[in-house]
Amino acid sequence: MYCYEKQYDVIVVGAGHAGCEAALAAARMGCSTLLFTINLDAVALMSCNPAIGGLAKGHLVREIDALGGEMGKNIDATGIQFRILNTRKGPAVRASRAQADKQQYRLRMKQVLERQANLDLKQGEVTALVVEEGRVTGVESRVGMRYSGSTVIITTGTFMRGLIHVGLVNYPGGRAGDLPSVGLSDQLRELGFRVGRLKTGTPARLDGSSIDFEKLEPQYGDDPPIPFSFSTERIDRPQLPCHIAYTNERSHDIIRSGLDRSPLYSGIIQGVGPRYCPSIEDKVVRFPEKTRHQTFIEPEGSDTVEVYPSGLSTSLPLEVQIPFYRSIMGLERVEIMRPAYAIEYDYVDPIQVHASLETKLIANLYHAGQINGTSGYEEAAGQGLMAGINAALRTKGREPLILGREEAYIGVMIDDLVTLGTAEPYRMFTSRAEYRLLLREDNADLRLREHGFRVGLLAEEEYGRFLWKQERIGMELARLKTTKILPSEMDETTRETYGMHDLQNGVTFEELLRRPEVTYEDLARIDPAFAGVERAVREQAEIQVKYRGYIERQQVEIERSRRMEGTQLPAEFDYEAIAGLTGEVREKLIRHRPGTLGQAARIPGMTPAAIAVISLTLKARGGV
């Protein structure tokens, strides 16, 4: 084995969405970083849908951006349709989503990586970790080269023992067109990690020139498009529409006729798939009463005819896929450019990982992305960013950055994974966050910019703009609170509109804005001075005024739970020696090894009585 002469602080294995964020974070924090990937032409490739964001996922992208990550900037530079979802609902569940120019997204991210100081990119397959005395010290590649690193981050996506299925045919692959990684998961098993098997799938890619779009319903983006990144001023790229189509009874009959050749229903696929994103054959079998299913025909870019039929993933054989897609109105003559397929891959039980994403079994080894059982570009990128930050902090001898459930969706996701584990691909939902009114897309910078600046990811210029915005919001809230308007200063129409005939002493603009029907546009009609308030400042002021009571109640809840979250449980805590715990509870505590009393309380089946016993034991030993 030949040893490469350069010593790295951080080695990242895999250059998907997790790997890119991890490598950039570590390098930007001043660490000598190596990013390893099987294929340098597939950096940040969108293997499935060509889109970023969506419900809860948009929150993750905003948080990544607020901390100093790259995903938000990358989609702003390469997006071809931007939409805000749930606009008729409250601010907590509104979410941004954007179609990407798939190839431009990949190329821009590769360019950012190539131009990043402290970062080397190398193509090759990592087949083994170098572990000495319970600590990782580097990696070995298939071609016989050893690379030394103080920390290693594994972000292998679907590549570990990846197996692709099209009908009853299967073959090894990390995704269609790429080789799998075959040595790493075997070594992880040997090191004591619990390795499981998951499954995901993707639709066929269709030739847009063979689709009759006149028969489909167009769906346009927002005008003007709203950027993801807090640093992007506006979106300048030309925007493209998506189109809506529907399956029908004939489509479903074709699916049913092919179920005997489905690897999913013939027992060939062993991995567990995502329940929230089922294949079309799953939908047809599970919901027989439905006569149609909707699909969005999404363009894959400005310079390609390839389109992506969202929601129509399948692992049926090609001879079934062809008539199925052609049974859809508007797709009668459609040509398949790339067949749909399912893929099985290995993942590692995430309860074997600390909240810092460092593994519990091997020091200085971090896991991020689908290796932890998640599904989705945004979930992977959020973990990659945090793993990169914490690996860099480890090399500097600093404490890790752990985001709480009350601070970020990223914190909720990581806590869910390391506390509860997952037996199926994990996806972020707003319902997973108990403090979601505080964890909105719009205030991600107010929650997380300080963290990004403190660890060294946020440039002075960006941080300065944030401080200016923060100051402007404070000034605007003060103005709303102290500025009064008297009925005598209004015309008759305004007094009638806002029901102010009976007011003697007037009302502050804050009290007026607190009314559900009153917006900032209404304030501007009453007082033109409000018309000049910047959109981001106006948005924050209005939300904070209207939802103040709810926000304050959630803050009280957070303070109540903070004590348990702050109570550390020693890694070597001997649960066998604690009297008063049932055998089941003791077994779960030993298996999960929670880092805090709060994490222990969230383990399924953990009782309040058991938490009280642990707390009393800690106090008796001087641990609280």
Side-chain angles (χ1 to χ4, degrees), residues 63 193-194 347-363 365-368 371-374 379 382-383 386-387 389-390 393-394 399-423 426 428-429 431-436 438-439 451 554 557-578 580-619 621 623-624:
E63 291 177 354
F193 289 98
R194 290 184 294 276
Y347 82 108
V348 175
D349 188 345
I351 66 169
Q352 299 168 100
V353 175
H354 293 293
S356 64
L357 296 181
E358 183 183 17
T359 67
K360 295 176 180 177
L361 295 180
I362 305 296
L365 176 65
Y366 296 77
H367 288 177
I371 191 173
N372 283 334
T374 58
E379 288 88 344
Q383 293 172 71
M386 297 309 297
I389 289 171
N390 287 327
L393 290 174
R394 168 58 62 86
E399 289 297 309
L401 173 61
I402 309 294
L403 298 177
R405 298 182 69 90
E406 78 287 356
E407 285 185 285
Y409 271 82
I410 293 174
V412 173
M413 170 179 63
I414 292 175
D415 183 69
D416 281 351
L417 291 170
V418 305
T419 304
L420 308 177
T422 187
Y426 176 99
M428 195 70 243
F429 296 108
S431 59
R432 294 189 190 274
E434 54 269 59
Y435 307 120
R436 56 186 171 273
L438 300 180
L439 307 183
H451 285 308
Q554 288 211 336
E557 292 172 17
I558 289 169
E559 289 303 319
R560 194 179 297 133
S561 68
R562 198 159 268 163
R563 179 173 173 78
M564 280 210 303
E565 296 301 330
T567 302
Q568 300 292 318
L569 294 176
E572 69 284 355
F573 204 36
D574 186 4
Y575 294 105
E576 294 281 10
I578 300 178
L581 295 179
T582 66
E584 180 187 2
V585 164
R586 190 175 284 113
E587 181 183 327
K588 287 181 177 180
L589 288 165
I590 292 170
R591 181 169 183 266
H592 286 255
R593 285 286 164 192
T596 68
L597 202 58
Q599 282 187 357
R602 288 190 290 277
I603 295 173
M606 195 60 53
T607 64
I611 296 300
V613 168
I614 297 168
S615 181
L616 288 170
T617 304
L618 278 173
K619 286 179 181 177
R621 298 180 184 180
V624 178

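Only this structure's heavy atoms are used, side chains among them; waters, hydrogens and symmetry mates stay out. Since we're looking at a predicted model, the values are computed, not measured.
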**Item:** Within-4.5 Å side-chain heavy-atom neighbours: Arg591 and Arg194
**Value:** yes
**Asked** Just wondering, do Glu407 and His451 contact through their side chains at under 4.5 Å, heavy atoms?
**Response** yes
**Prompt:** Going by heavy atoms in the side chains, are Tyr435 and Val412 under 4.5 Å from each other?
**Reply:** no
**Message:** I'd like to know whether Leu569 forms a side chain to side chain contact (heavy atoms under 4.5 Å, CB included) with Leu618, so could you lay out the CA-CA distance, the side-chain angles of the two residues, the decisive distance to 0.1 Å, and finally the verdict.
**Reply:** CA-CA 8 Å; Leu569 294 176; Leu618 278 173; 3.5 Å; yes
**Asked** Counting only heavy atoms not in Glu587, do more than 12 fall under 6.0 Å of its CD?
**Response** no
**Item:** Between CG on residue Leu581 and OG1 on residue Thr617, distance to nearest 0.5 Å
**Value:** 7.0 Å
**Request:** Of all the heavy-atom pairs spanning Tyr409 and Phe429, show the shortest one and how long it is.
**Result:** CE2-O, 3.8 Å
**Asked** Do Glu576 and Ile590 come close enough that some side-chain heavy atom pair is under 4.5 Å?
**Response** yes
**Prompt:** Under 3.5 Å, is there a donor-acceptor pair between the side chain of Gln352 and the main chain of Leu361?
**Reply:** no
**Item:** From CD (Glu63) to CD1 (Ile410), nearest 0.5 Å
**Value:** 5.0 Å
**Message:** On a heavy-atom basis, which atom in His354 and which in Thr359 lie closest, and how many Å separate them?
**Reply:** CD2-O, 3.8 Å
**Request:** Count the heavy atoms of every other residue, nucleotide or ligand shown that sit under 6.0 Å from CD of Glu399, and state whether that count exceeds 12.
**Result:** no
**Message:** Let me confirm one number: the CD1-CG distance from Ile414 to Leu357, rounded to the nearest 0.5 Å.
**Reply:** 4.5 Å
**Message:** Please check this pair: side chain of Lys588 against backbone of Ala600, looking for a donor-acceptor N/O pair closer than 3.5 Å.
**Reply:** no
**Request:** Determine, for Asp416 against Arg602, whether the closest basic-nitrogen to carboxylate-oxygen distance falls under 4.0 angstrom.
**Result:** no
**Asked** When rounded to the nearest 0.5 angstrom, what is the spacing between CE in Met413 and CD in Gln383?
**Response** 4.5 Å
**Asked** If only atom types and distance count, is the side chain of Tyr347 paired as donor or acceptor with the main-chain N or O of Thr422 below 3.5 Å?
**Response** yes
**Request:** Please confirm whether the backbone N or O of Thr374 pairs with a side-chain atom of Asn372, one donor and one acceptor, at under 3.5 Å?
**Result:** no
**Prompt:** Side chains of Phe193 and Leu365: does their closest heavy-atom pair fall under 4.5 Å?
**Reply:** yes
**Prompt:** Is the NZ or CZ atom of Arg432 both under 6.0 Å from the centre of the six-membered ring of Tyr426 and within 45° of that ring's axis?
**Reply:** yes
**Asked** Can any side-chain N or O of Arg593 pair as donor or acceptor with the backbone N or O of Phe573 at less than 3.5 Å?
**Response** yes
**Prompt:** Is there a side-chain contact between Pro604 and Leu420 (heavy atoms, below 4.5 Å)?
**Reply:** yes
**Prompt:** Which pair of heavy atoms, one from Gly580 and one from Val613, lies closest together, and at what distance?
**Reply:** O-CG2, 4.3 Å
**Prompt:** So, the side chain of Gln599 versus the backbone of Gly595: is there a donor-acceptor pair under 3.5 Å, distance only?
**Reply:** yes
**Prompt:** Would you call Leu597 and Ile614 a side-chain contact if the rule is heavy atoms closer than 4.5 Å?
**Reply:** yes
**Request:** Without swapping roles, check the side chain of Ser615 against the backbone of Ile611 for a donor-acceptor pair under 3.5 Å.
**Result:** no
**Asked** Do side-chain atoms of Asn390 reach the backbone of Met386 as a donor and acceptor pair under 3.5 angstrom?
**Response** yes
**Asked** Do the side chains of His367 and Leu417 get nearer than 4.5 Å, heavy atoms only?
**Response** no
